[in-house]
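Starting from 1, each residue takes its place in the sequence as its number. Atom set for the values below is all heavy atoms of this structure, side chains included, hydrogens, waters and symmetry mates excluded.
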Amino acid sequence: MNKNFDFNKAGKRMPYTVPDDFFTEMEDNVWQELKRQPAVKTKKDRTFMRVVITALTTTAAAIVLALVLNQGHSVGFADVEQAFGNLSTEDQMYMFSVYQDDIFINE
């Protein structure tokens with residue numbers, strides 16, 4: 001391998017070429033195809049879109065409801081400490097060993 005390679009001496013020539021009006025023609029073809037085809041083609045597509053929109057709306061409403069109902073309740077260190085204290089001794093030792101072996105915390 002040549003260790004004295006100089007990138008400045010390498011050419012900056014593009015290895016690919018396209019005709020001058022290639023991108024303009026491609027854009028025109030895409031727009032013509034989009035104008036020819038409607039966004040929703042069949043009744044089946046409209047039904048599917050209605051189901052998807054209903055599912056997304058229901059999911060968004062559930063998230064908002066969960067946030068509203070959970071408002072005012074936050075988990076603090078005392079809650080975590082109490083939950084850890086409720087574990088058995090074996091579970092506490094396991095959690096502690098996992099914490100000690102965590103590569104992200106112990107770097």
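- Distance CZ/Phe48 to NZ/Lys44: 10.0 Å, rounded to 0.5 Å.
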Side-chain atoms of residues 21-34: list all donor-acceptor pairs with protein atoms under 3.5 Å, sequence neighbours left out, distances to 0.1 Å.
unit_1: Asn29; atom_1: ND2; unit_2: Glu25; atom_2: O; d: 3.4
unit_1: Glu33; atom_1: OE1; unit_2: Arg36; atom_2: NH2; d: 2.3
unit_1: Glu33; atom_1: OE2; unit_2: Gln37; atom_2: NE2; d: 2.6

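- Grouping Ile, Leu, Val, Met, Phe, Trp and Tyr by side-chain contacts under 4.5 Å, direct or through others, leaves Phe77 on its own.
- When hydrophobic side chains of Ile, Leu, Val, Met, Phe, Trp and Tyr are connected at separations under 4.5 Å, Phe84 ends up clustered with Leu87, Met95.
- Distance CG/Asn86 to CD/Gln82: 5.5 Å, rounded to 0.5 Å.
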